[in-house]
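Remarks on the structure that follows.
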Amino acid sequence: MRVRIAPSPTGDPHVGTAYIGLLNYLFAKQRGGKFVLRIEDTDRTRFVASSEQMIFDALRWTGLDWDEGPDVGGPFGPYRQSERTEIYREYCQRLLDSGHAYRAFETPEELEAERKAQMAVKQPPKYSGASRNYTPEQAAAALAEGKPFTIRLRVPDGDRPAGTASTTFRDELRGDITFDHFNVDDQVLMKSDGFPTYHLANVVDDHLMGITDVIRAEEWISSTPKHVLLYQAFGWDLPRFWHMPLLRNIDKSKISKRKNPVSLIYYRQAGYLPQAMLNFLGLMGGGMAQPSEQEIVSKGLDMKLADIFSLQEMIERFDFNRISLGGPVFDLVKLKWMNGEYLRGLNAEAFFQTLRSTIFSDSYLREIVPLVQTRMEITSQFGDMADFFFKDDVQPAAEVFVPKKRTLPDTLAFAPEMLTVLEAADWQTENIDTSLRALLTAKEWSVKEAFMLLRAILTGKTASPPLLESMVVFGKARSLDRVRRFLEAQKKAVVLAGRK
RNA sequence: GGCGCUAUGGUGUAACUGGUUAACACGUCGCCCUCUCAAGGCGAAGAGUUCGGGUUCGAGCCCCGAUAGCGCUACCA
């Protein structure tokens with residue numbers, strides 16, 4: 001029994017990764033299997049250099065230890081897809097040789113135009129497959145011309161009318177799911193830059209790494225037929241597929257940073273305990289049977305603690321067959337309650353140590369201290385000066401955040417633009433500075449005004465230690481969260497004002 | 001639009017092979033405790049199980065149909 005998680009280093013480590021990680025971990029521990037971590041870094045355009053290390057750190061923080069991975073090694077390495085390109089090339093060639101794949105010479109522009117045309121006449125966008133039907137001579141000619149190409153999967157009878165062919169696979173939680181080949185696009189397997197797409201790399205690696213059970217999020221159901229087709233083309237046995245429900249925002253949409261903190265870094269820095277996080281995640285989608293009445297009586301259980309359980313208890317009790325399929329809302333309110341429950345459960349010394357290793361860690365204080373030293377006369381001023389580093393939230397009043405020569409609507413129109421810029425920024429003072437300055441010159445905001453606004457949003461005050469340095473110390477995840485919360489609060493205030 | 005998945009209080013879940021007044025936790029509200037705020041204790045409101053049919057003595061659980069939400073629909077994962 002072997003399972004895996006396969007995050008992409010495209011940004012901050014995601015709570016969804018921790019959720020799917022937990023599920024895979026439990027599955028492996030319950031059945032004496034191995035839990036593998038594989039880094040799927042095949043998208044060069046979205047690659048973020050610092051991301052991989054953050055994924056390791058964040059996952060380590062949760063306590064979900066993996067048996068094999070890029071950093072710990074293992075018998076099926078390398079575990080980083082960028083180091084396996086030769087392997088994909090080889091397997092892709094096999095597909096080419098056997099006719100299960102073909103070279104496609106359309107440019108991205110042509111594909112885009114085709115898609116638009118199809119959308120315009122309300123047709124489902126689908127690759128029309130000009131290259132699919134090239135004669136060997138035509139293909140050879142295009143290749144000789146040196147035209148860039150991708151390699152696509154030839155979906156059997158995919159170009160025939162609906163009802164001609166279909167693929168059925170078993171989802172362990174839902175039963176059989178069928179897709180008509182008419183609705184399965186000829187997926188790109190190898191990009192023109194020579195890197196594989198997720199679909200190819202994932203199937204090849206899962207096979208080569210001996211993965212027996214693919215436990216992943218529901219969003220993959222639609223592409224599973226492509227994966228099944230690939231397994232079949234290679235003549236490989238299928239793994240079992242378990243598609244887990246997707247974590248949701250309060251409005252039931254797929255969980256997103258716009259509406260929820262999704263970075264594990266945020267949760268760690270904001271002072272959530274990993275045990276609480278895992279416990280809460282274990283609640284999502286059910287799986288943990290509530291103790292029966294008999295059990296409550298015989299074991300003398302406290303129903304107050306019905307939702308509280310350790311990782312070990314989850315391993316013992318979690319039942320994959322009882323996972324409920326509705327998308328669970330990731331409810332911060334209950335997570336917070338649960339975290340409080342864990343905090344209260346600590347003895348005085350452990351609680352002290354928790355504070356010392358999180359919000360009051362030496363490393364955090366060491367970063368903050370140089371920002372305030374020259375501004376202080378007596379050390380007790382530290383609290384006033386640095387309070388925002390230790391707060392969950394600050395909400396400045398309009399008198400504080402609206403610059404003198406600006407109006408409230410002006411300011412609230414500008415602030416989201418700063419958020420967008422900050423989201424894209426590499427989190428170092430110079431980078432934040434330049435991207436911020438680019439924005440404010442474009443929008444005709446003075447440096448003073450813009451920085452004052454940002455300062456107010458992040459610190460709640462008009463005076464603070466140097467803003468950019470403070471932001472770097474405070475961290476990207478929490479800084480962005482603070483801006484988003486500010487925006488959210490202001491939106492509510494506007495609605496409220498409108499009602500009056 | 002097409003395809004797929006899903007559907008129990010505001011939220012997360014329960015309800016053994018269909019069997020009485022749909023349970024637990026979070027949240028909300030009230031009371032107690034208390035210098036305050038929490039915590040803790042006690043209590044309350046809140047769903048008749050998306051809707052409409054059907055099968056059955058009996059349906060949240062089975063069948064059919066509708067609706068809604070979500071996901072996918074990229075040389076992203």
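Predicted, not measured: the structure shown is a model, and the values here were computed from it.
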>> Just to be sure I understand the rule, does A:P108 reach a base, reach only the sugar-phosphate, or reach nothing, if contact means heavy atoms closer than 4.0 Å?
In response: base
>> Please pick, from B:U13, B:U11, B:C76, the nucleotide with the shortest atom-to-atom distance to any side-chain atom of A:V329.
In response: B:U11
> Is the NZ or CZ atom of A:R152 both under 6.0 Å from the centre of the six-membered ring of A:Y127 and within 45° of that ring's axis?
Replying inline: yes
>> Let's see if you can work this out: which of B:G2, B:A25, B:G12 has an atom nearest to the side-chain heavy atoms of A:N183?
In response: B:G2
> With rounding to whole Å, what would you report as the distance between B:U13 and B:G9 at their P atoms?
Replying inline: 12 Å
> Are more than 12 heavy atoms from other residues, nucleotides or ligands located less than 6.0 Å from atom NZ of A:K191?
Replying inline: yes
> Of all the nucleotides listed (B:G12, B:C75, B:A77), which has the minimum atom distance to the side chain of A:P328?
Replying inline: B:G12
>> Closest approach to the side chain of A:L111, judged atom by atom: which nucleotide of B:U13, B:C75, B:C72 is it?
In response: B:C75
>> Run A:D41 and A:S8 through side-chain hydrogen bond (donor to acceptor under 3.5 Å, both in side chains) and show every step you take.
In response: CA-CA 6 Å; A:D41 54 350; A:S8 288; over 6 Å; no
> Roughly how many Å is it from CZ in A:R115 to C1' in B:C72, rounded to a whole number?
Replying inline: 14 Å
>> In terms of relative ring orientation, are A:F320 and A:F318 parallel, tilted or perpendicular, with 30° and 60° separating the classes?
In response: perpendicular
>> Under 3.5 Å for both donor-acceptor distances, Watson-Crick or wobble: does B:U6 have a partner, and if so which one?
In response: B:A68
>> The side chain of A:E218 is closest to which nucleotide in this list: B:C5, B:U11, B:G40?
In response: B:C5
> Which of the following nucleotides, B:A74, B:G27, B:C75, is nearest to the side chain of A:P125?
Replying inline: B:A74
> Taking the side chain of A:D307 as its heavy atoms from C-beta onward, which of B:G71, B:A15, B:G12 lies nearest to it?
Replying inline: B:G12
> For the side chain of A:S192 and the base of B:C75, is some donor closer than 3.5 Å to an acceptor across the two?
Replying inline: yes
>> Just to be sure I understand the rule, does A:T45 reach a base, reach only the sugar-phosphate, or reach nothing, if contact means heavy atoms closer than 4.0 Å?
In response: nothing
> What about A:R174: does its side chain form a donor-acceptor pair under 3.5 Å with the base of B:C5?
Replying inline: no
